[in-house]
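Reading through the structure tokens given below for one structure.
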Protein chains: 2
Amino acid sequence: MRSSRPTVLDVARLAGVGASTVSRCLRGGPHLRPEVQERILRAIAELGYEPNEVARSLRGGRTNTIGVVFPHIANTFFSLCIQQIEQEATRRGWTVMLLSHQESVAQQSKQLAVLRRSRVDGVILTPAPGSDPEQVRKELHGMPVVALDRPLWTGVDHVMLRNREAAEMATQHLLGHGYGEIACATASPEIYSFVERIAGYRAAMARAGLGDELILAEDYTRLRAAAGEALRRRPTLRAIISLSNMATFAVVQAIRDVKHEGEREVAMIGFDDVDFATLVEPAITVVRQPTEAFGHEAVALLVQRLTEEAATPLQQRLLAAELVVRASCGCAYRD
Amino acid sequence: MRSSRPTVLDVARLAGVGASTVSRCLRGGPHLRPEVQERILRAIAELGYEPNEVARSLRGGRTNTIGVVFPHIANTFFSLCIQQIEQEATRRGWTVMLLSHQESVAQQSKQLAVLRRSRVDGVILTPAPGSDPEQVRKELHGMPVVALDRPLWTGVDHVMLRNREAAEMATQHLLGHGYGEIACATASPEIYSFVERIAGYRAAMARAGLGDELILAEDYTRLRAAAGEALRRRPTLRAIISLSNMATFAVVQAIRDVKHEGEREVAMIGFDDVDFATLVEPAITVVRQPTEAFGHEAVALLVQRLTEEAATPLQQRLLAAELVVRASCGCAYRD
DNA sequence: TTGTATGCGTTATCAG
DNA sequence: CTGATAACGCATACAA
């Protein structure tokens with residue numbers, strides 16, 4: 001059953017040629033007599049030969065594999081990115097090794113060690129909050145890396161959202177509807193993208209001469225509670241911006257909680273075009289991140305660097321978010 | 001920069017021992033003088049040596065990698081499974097190569113070829129609909145496989161839901177609420193799990209002496225339309241069961257579409273505990289699949305078979321679904 | 001145009 | 001207890 005598979009040598013023997021000739025035939029070498037090539041191809045088919053990528057990797061020093069390390073896999077933002085990465089990698093003939101670090105620096109270290117030992121050619125990484133850039137640089141040990149969604153250190157290729165602009169845009173939109181008191185909700189406010197989005201929100205509020213109110217929490221269960229509390233404490237608070245898909249979920253719940261206690265309309269703009277955005281009433285206006293571009297660009301950048309001849313200059317992609325206007329922001333319903 | 005990394009030989013030289021001694025030290029061989037071990041460990045630390053898994057794989061004939069092939073990655077059911085698989089694999093010291101086939105048999109063939117050439121030790125596969133089992137068996141070429149969510153051929157390890165029971169349970173629940181006309185909605189009715197769930201639904205309806213009505217479509221946009229149409233065509237239709245997270249989404253939309261046209265209450269039970277289930281009004285009663293168990297069991301089964309001494313008997317896990325009762329089925333609201 | 005020999009980094013074997 | 005050696009499968013340099 002587990003009969004060991006045929007090697008180039010088996011093919012060579014059957015075709016009555018040398019091993020290197022078979023190798024050349026496989027790799028499309030030009031120096032081949034058609035007749036010989038024919039014999040080799042037949043031998044390959046007959047034996048069901050397939051090259052051993054492990055041996056190729058050892059010999060060539062390249063694995064044709066990229067390591068992908070994300071905080072979580074099931075979070076819709078990341079799973080959409082991963083989906084895109086897998087497809088783009090497959091399309092280009094690369095293979096993906098998937099790992100997650102659960103937002104833990106320690107776990108991230110372990111996973112990077114796995115990638116080092118596996119000799120992957122490059123890495124796509126969304127670093128855990130609190131990562132020491134210099135430490136990560138060492139742990140990468142020279143493996144080319146593309147930072148996705150969060151920065152690593154200046155001088156590394158990355159693909160990120162224009163976080164500030166995105167949050168500003170949302171805030172502006174709410175301000176345009178006449179809301180003066182607008183809160184901003186997120187868990188894990190130490191995570192880079194949230195830091196930036198908070199800054200964007202604050203900038204917009206400051207420009208309008210208004211104060212800001214942050215609703216923060218360690219996790220999303222607490223965020224729901226915190227948002228509810230904020231709404232109760234401040235009856236004049238009528239609008240909230242949430243900074244991620246999870247936060248959006250929590251805020252929707254909080255608003256519903258408060259609504260149940262008495263009449264109270266609260267406008268909101270969510271982050272990420274979650275599927276429930278169009279299902280709830282009113283439909284949620286959201287800041288949509290271009291997840292396809294995240295995945296596509298990350299792979300493109302990495303592959304480019306892995307196959308470059310001369311040194312490619314630093315590549316940094318700053319992606320624009322899109323405001324998908326629905327009803328929750330105060331706009332007329334128009335679905 | 002790309003200075004090639006130290007090898008066992010470098011470590012051996014620095015420690016003043018032979019290469020195999022270093023190897024034994026690494027693999028925890030018992031035959032080592034403490035003094036020598038000390039020297040080796042120091043050399044390893046000094047050089048920053050890390051074993052090359054590629055070479056190990058070539059030498060050992062095992063890659064410590066499992067291939068995971070799913071239809072899609074971003075579908076919440078699959079992404080939850082993948083998340084669990086990655087965690088369980090990492091915990092056990094295995095590595096995951098992630099691929100998707102987009103429900104295409106041709107794409108699946110290509111991905112299995114990638115896995116063959118990569119010499120992964122085993123595969124977790126959710127086969128594309130229309131797969132020829134014998135063909136897949138050949139394409140696996142002896143690699144141990146665990147089928148997840150959909151069967152492959154009798155005699156292969158698998159982890160699946162008790163689909164019929166799950167659908168029957170949901171149907172029963174609706175029948176218990178007094179609904180006589182209950183429709184069942186899904187796209188891609190050729191996919192195994194949906195076939196089974198349809199059978200379960202029908203069995204329950206037949207047992208109650210009632211006829212069944214299937215709402216089928218090729219994709220989910222059309223399913224939304226088809227469900228809306230069915231509701232309009234048959235004003236007495238007051239309950240729908242949807243067979244997947246995507247179908248649930250479509251049915252919720254359809255019910256909302258119809259509701260907008262006039263007063264009409266439609267009960268429903270969804271499949272998969274999607275996050276929007278608790279956000280819409282009324283909250284959706286759903287059949288919850290134990291995604292953690294899917295991932296965990298799949299890895300456990302596969303690893304067991306990969307590390308078995310003697311031949312392990314066929315392992316088939318049939319997971320039970322859980323009815324999460326909320327309000328959409330007609331039960332009192334109780335959140 | 002083709003074949004032979006060598007090495008990629010490990011580990012198992014076997015002799016010391 | 002330890003060290004030299006061979007082999008895993010492939011691709012390259014070089015010889016023919």
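The base of D:dG9 does not come close enough to the side chain of A:R5 for any donor and acceptor atom to sit less than 3.5 Å apart.
Between B:Q84 and B:E88, the side chains place no donor N or O within less than 3.5 Å of an acceptor N or O (distance only, hydrogens not considered). A donor-acceptor contact closer than 3.5 angstrom links the side chains of A:Q102 and B:Q87. Under the 3.5 Å distance criterion, with hydrogens and angles disregarded, a donor-acceptor pair is assigned to the side chains of B:T90 and B:E86.
Side-chain N or O atoms of A:S188 include none that pairs as donor or acceptor with a backbone N or O of A:I191 at under 3.5 Å.
Atom CD in B:E53 sits roughly 11 Å away from atom C1' in C:dG9 (whole-Å rounding). Per the geometry, CZ belonging to B:R59 stands 13 Å off P belonging to C:dT10, to the nearest Å.
Proximity note for A:S20 (side chain, C-beta onward) versus D:dT2, C:dG3, C:dC8: the nearest is C:dG3.
For the helix from C:dT1-D:dA16 to C:dG16-D:dC1, the end axes, each set by the C1' atoms of five terminal pairs, are bent relative to each other by 50° (nearest 10°).
Between A:R56 and D:dA11 there is a side-chain N or O to OP1 or OP2 distance below 4.0 Å. Phosphate proximity of D:dG9 to A:T7: absent, as no side-chain N or O sits under 4.0 Å from OP1 or OP2. Close to D:dT2, at under 4.0 Å from its OP1 or OP2, lies a side-chain N or O of B:R33. The side chain of A:T21 contributes no N or O atom lying less than 4.0 Å from OP1 or OP2 of C:dT2.
Across all strands, B:V54 comes closer than 4.0 Å to no nucleic acid atom at all (heavy-atom distances).
A heavy-atom distance below 4.0 Å to DNA chain C is reached by these residues of residues 40-52 of chain B, ordered by number: B:Y49, B:E50, B:P51, B:N52.
Residues B:G18 and A:G60 each lie close to DNA chain D; by heavy-atom proximity, the contact nearer the 5' end of the strand is made by B:G18.
In this structure, A:R39 CZ and A:I44 CD1 are separated by 12.5 Å, a value rounded to the nearest 0.5 Å. Note that CZ of A:R33 is 13.0 Å distant from SG of A:C25, once rounded to the nearest 0.5 Å. Here A:L98 contributes atom CG and A:I73 contributes atom CD1; the two are 4.0 Å apart, rounded to the nearest 0.5 Å.
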